[in-house]
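Here the structure is laid out as structure tokens; the discussion comes afterwards.
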Amino acid sequence: MERVNFQEIEKKWQLKFSSQKLYNSKGKKFYCLEMFPYPSGKIHMGHVRNYTIGDVVARYKFMKGFNVLHPMGWDAFGLPAENASKQNNLHPKKWTNQNIVTMKTQLKMLGLSIDWDLEISTCDKDYYKHQQEIFIDFFNEGLVSRKETYVNWDPIEKTVLANEQVIDGKGWRSNAVVERKKLSQWFFNITKFSNQLLNDLDNLDGWPEKVKLMQKNWIGKSYGSEINFKIEKNKDEVKIFTTRPDTIFGASFLALSIDHPLSKNFKDKKDFQKFQEECNKTGTTEEALANAEKIGFDTGLFALHPLIKNKKIPIFFANFVLMDYGSGAIFGCPAHDQRDFDFAKKYKLEIIRVVSDGDTQKDLTEAYTGAGKMINSDFLNGLDVDQAKKKIIQEIENRKLGKRQTLFRLKDWGISRQRYWGCPIPMIYLEDGSVVPVDKSELPVELPDDIDLNSKGNPLESHPKWKFTKHKSSGKKAIRETDTLDTFVDSSWYFLRFCSPEHKSSPFDIKKVDYWMPVDQYIGGIEHAILHLLYSRFFSKGLAKCKKNFSLSEPFKNLFTQGMVCHESYKDIKGNWLYPDEVEKLDPKTVVKRDDKSKVKVGPPESMSKSKKNTIDPEKMIKEYGADAVRWFILSDSPPEKDVQWSDTGVASANKFLQKIWNLNILISNRKENRVTKNVEEKFVANINTYVDKVDKSIENFRFNVSIANFYEIYNFIKDYLSSEISNKVLSENIIKIMKLMIPFAPHLSNECLELFKCKNVNKWPEIDKNKIIDEINFAVQINGKTRDIIKIQRGLGEKEIKDIIRKNSKAKKFLENNDIFKTIFVQNKIINFIIRNK
RNA sequence: GCCCUCGUGGUGAAAUUGGUAGACACAAAGGACUUAAAAUCCUUGCCCUUUUGGGAGUGCCAGUUCGAGUCUGGCCGAGGGCACCA
């Protein structure tokens, strides 16, 4: 049999794909978008998976008659470019552009149906110019503000570190202990939309429930109360926020953030400074704070309990209270909150139970956070927690001790980055201290190329020619903002730019956006479930506020989050990571190093990453097995939302199967006519129609692994018909249907096969007669819930007819004889269950 | 630590609203073809039984139901996110 030269046919069809687009001007619009890649060097298997899934959707929708927008671009600003340029002494722009060229070539090798005329790159000044415009619009609309916040500071490199650059509390290059440093930075006021971002989740029917839940928890709306505590021998008051006002009678201390206004009174005290230094050793991430030991500083002050006469409780500063949540102060109720419990144990504070867990005699070993009746709580006694919450809030409001309050966990979005390779923030500082936007006519504020990457900190700081400027309208001297924007800003509106990438006068052509948006299917990694998606949602809402004719409130109608591509990892005797290429599998349990045959330790499959060297190069795989085989395998092995394990034998078998498909097509095209029996042909067509229906459904449901299993079944099915009494006409008509179904999965081979049969209307999805599908089904016969027989019946048979069949001829017959049928459960087209007992 | 998700053969997995558990494939073992190998094809795949047949079985423990991989509660294990990686 003729071998397929996959490389040759792929080259041929890729040339055609490059000019063929997915537009059907008469069809309904369909915007298919995959998260655009960061140009890090070469594409990785995660990209292959993401873009193959997207390509299946785009090609499928196109074949179904939709007018499909399927663009691609580059999330081109970011930290790795700066790191790489320091290592290789290569300018970030050059490094990035080289990577884009490489990756674009590689993506084309996959045979993706992308309209490359729409390509955009976020580091392109034609792109970020518009981003600066949007920033200024947001600024004018009151959606931008300046606040102080903490950053990771490397005291040796004199630079701000990203969280990933902090390893065990130390700088990744300098190894210096990282300090927390306060900086004044720019913020998008995303919290202005907290309620809207939360409530609109309910309208996103096309989003996975888990992503919506994660966003909901991230926004974190909680109901509680503000309570004022008077300080003894002092005129000050401390305002606290709590979600558990019901536990107020169990309060045994107040804890304040070290940034609480009250800290000013202590700033000159040496032991407080020491405490502050101690706190600044913990990182800036929530995880670090949560895991850090709870420490406090006793102010020596006491607060007066608002509801218990003459009760005084101590006031502490504590590292686990955050200034940006609530009022930066809490009351501690150790009996019913684990953090408070740990704190109370450490500082020997009172532990008063106010919610009964049933046994109130024995000492608590941990906080009790469950439900129960109130005790030791004066007028709340006997109520359950929810009732007590309502009553106490009412009481607090009546006595003017505080008020009911709703709070969000969501924080404003800090967008300042002390880095070079990002979009410049279009703001200037005037001599008189005022801060104003750059005049729009001067945009873009272009990133200068001539920078010294080896300078300490942000290179823009040490670029006087760029940094010193003038305010256009007043002519006053000014200094540019040297911070650049968080790269999440770049990706918060790129999907809008894709609708009209050439548009010059504004970020997008509103008519085009009106037509194409929202994105009908957005596809990307689950790791973006919160930040990127939330920020993009915020952008839509922000733009709607700035632009009168912009009405889009949610950018992504349907969302699909795919799983990761995994591979086992290998370590040699010395503990060095090895690439899969460097090892050899002698048998499933023995793996050795290829060169010296020394033992290799095999790690569990985990997400492919450069640091663990458990990566497989897609380009190498494409060259060895063909793009269709790589696409085929990446879709076949796991459902797309789950992780998939890369397997070389898997891709090899995909390649073999595609070869068999080609052979089958050749056999059919060369087949000698046989005798024809009408029944045989009808049964054949009915089966094919059933398969077409199945594949269609599995694509609609994103069950691409099931689609592929169907193709294996179809192959086994058709192969058996080659020698049966069926005409060549019927065979070729039906193999054409199947090859069309395969286009989204293996576009090169299926087009080649369709060409073999001189097929016209290649890109039209096969239509089937729904009346001509298999209507025989397997029906389970159960006795007392146990399956005793499976009978083949016509779809739609009633209970009586089925009982007759069973009585006449069934393995279950013997169970029914000599027994009373006590009850019968009948489910049409599924099962019948006889509940019997002995006579 | 907090939030979310997922646990089905040796492996990846399949299984409308609860209704045939293991489709389809990978790997393995045995066989056919071949001088041989490759390629290809066939068979097998938990326990008892020669077969017929019967039993156990979807991470673990309970529960609801005629019937649970699917629903509920608890436990154990793995993965993702935690605001400056993208």
Side-chain angles (χ1 to χ4, degrees), chain A residues 1 35 37-38 40 75 77-80 83 149 151-152 160-166 185 190 208-211 213-218 220 284-292 320 324 338-339 409-419 486-488 490-491 525-532 534-535 561 563-564 566 587-588 604-607 633 636-639 641-645 647 649-650 652-654 656-657 660 697 701 703 705-706 708-713 716 778-790 811 822-825 827 829-835:
Chain A
M1 196 61 73
M35 290 179 186
Y38 179 76
S40 55
D75 190 11
F77 274 135
L79 195 54
N83 295 338
T149 185
V151 292
N152 301 308
V160 177
L161 298 179
N163 285 333
E164 72 157 8
Q165 296 174 315
V166 181
Q185 308 201 64
I190 184 169
E209 286 303 319
K210 69 167 170 179
V211 174
L213 193 58
M214 280 161 87
Q215 292 221 349
K216 194 181 162 200
N217 290 334
W218 186 260
T284 53
T285 68
E286 195 180 286
E287 188 189 359
L289 284 168
N291 288 328
F320 61 90
D324 43 13
Q338 193 57 44
R339 282 182 313 192
R409 204 188 78 99
L410 185 67
K411 295 189 281 194
D412 278 333
W413 173 14
I415 47 174
S416 293
R417 298 292 180 270
Q418 295 68 42
R419 309 201 188 289
D486 176 10
T487 56
F488 271 125
D490 309 341
S491 55
I526 181 70
E527 66 273 18
H528 292 293
I530 297 176
L531 294 180
H532 162 60
L534 190 70
Y535 292 154
T561 51
M564 292 175 310
C566 301
D587 62 73
E606 50 191 324
S607 177
F633 170 72
S636 71
D637 234 33
S638 289
E641 73 278 9
K642 275 181 76 173
D643 288 355
V644 64
Q645 237 175 287
S647 132
T649 50
S653 81
K656 274 185 208 167
F657 178 72
K660 288 203 267 182
K697 275 186 189 141
N701 297 325
R703 313 290 290 167
N705 56 326
V706 179
I708 289 198
N710 285 328
F711 284 118
Y712 282 102
E713 283 186 52
N716 292 334
N778 293 329
F779 188 88
V781 183
Q782 299 185 340
I783 308 292
N784 290 346
K786 270 206 154 63
T787 305
R788 295 298 175 178
D789 196 11
I790 291 154
K811 286 174 196 164
F822 173 66
K823 193 177 173 187
T824 310
I825 293 113
V827 183
N829 299 332
K830 289 259 164 64
I831 60 133
I832 188 160
N833 187 7
F834 297 101
I835 310 304

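Throughout, a chain's letter reflects where its sequence line sits, starting with A, and its residues are numbered from 1.
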Just the rounded figure in Å: distance from [atom2] of [N] to [atom1] of [X].
{"X": "A/K786", "N": "B/G53", "atom1": "NZ", "atom2": "C1'", "value": "14 Å"}
{"X": "A/E209", "N": "B/U5", "atom1": "CD", "atom2": "P", "value": "10 Å"}
{"X": "A/K697", "N": "B/U17", "atom1": "NZ", "atom2": "C1'", "value": "14 Å"}
{"X": "A/L289", "N": "B/C3", "atom1": "CG", "atom2": "P", "value": "17 Å"}

Any residue meeting ring-ring contact (aromatic ring centres under 6.0 Å, His included) with [X], in chain and number order, not counting sequence neighbours:
{"X": "A/W218", "result": "none"}
{"X": "A/F633", "result": "A/W646"}
{"X": "A/F657", "result": "A/W632, A/Y712, A/Y715"}
{"X": "A/H532", "result": "A/Y522, A/H528"}

Across all chains, not counting sequence neighbours, the salt bridge (charged side-chain N to carboxylate O under 4.0 Å, His left out) partners of A/E641 are A/R703
Run the salt bridge (charged side-chain N to carboxylate O under 4.0 Å, His left out) test against A/K697 and tell me which residues pass, sequence neighbours left out. A/D693
Distance check, [atom1] atoms only: [N] and [M], in whole angstrom units.
{"N": "B/U70", "M": "B/G18", "atom1": "C1'", "result": "6 Å"}
{"N": "B/U58", "M": "B/U11", "atom1": "C1'", "result": "16 Å"}
{"N": "B/C2", "M": "B/A14", "atom1": "P", "result": "31 Å"}
{"N": "B/G53", "M": "B/G45", "atom1": "P", "result": "15 Å"}

Can you check nucleotides 21-26 of chain B for protein contacts, nitrogen or oxygen pairs under 3.5 Å, and list what you find?
residue	atom	partner	partner atom	Å
B/A21	OP2	A/T787	OG1	3.3
B/A25	OP1	A/N716	ND2	3.4
B/C26	O2'	A/T649	OG1	3.4

Listed by chain and number, what are the side chain to side chain donor-acceptor pair (under 3.5 Å) partners of [X], not counting sequence neighbours?
{"X": "A/N152", "result": "A/N163, A/T284"}
{"X": "A/D490", "result": "A/Q131"}
{"X": "A/D789", "result": "A/S810"}

Using only modelled atom types and a 3.5 angstrom limit, is any donor from either the side chain of A/N833 or the base of B/C66 paired with an acceptor on the other? yes
When every nucleotide of nucleotides 77-86 of chain B is labelled 5' to 3' by its protein contacts under 4.0 Å (heavy atoms), B for base, S for sugar-phosphate only, - for none, what sequence of letters results? ---BSBBBSB
In B/S/- notation (B base, S sugar-phosphate only, - none; protein heavy atoms under 4.0 Å), nucleotides 6-11 of chain B written 5' to 3' is ------
Give the C-alpha distance, both sets of side-chain angles, the deciding distance and a yes or no for salt bridge (charged side-chain N to carboxylate O under 4.0 Å, His left out) between A/E286 and A/R409. CA-CA 12 Å; A/E286 195 180 286; A/R409 204 188 78 99; 3.1 Å; yes
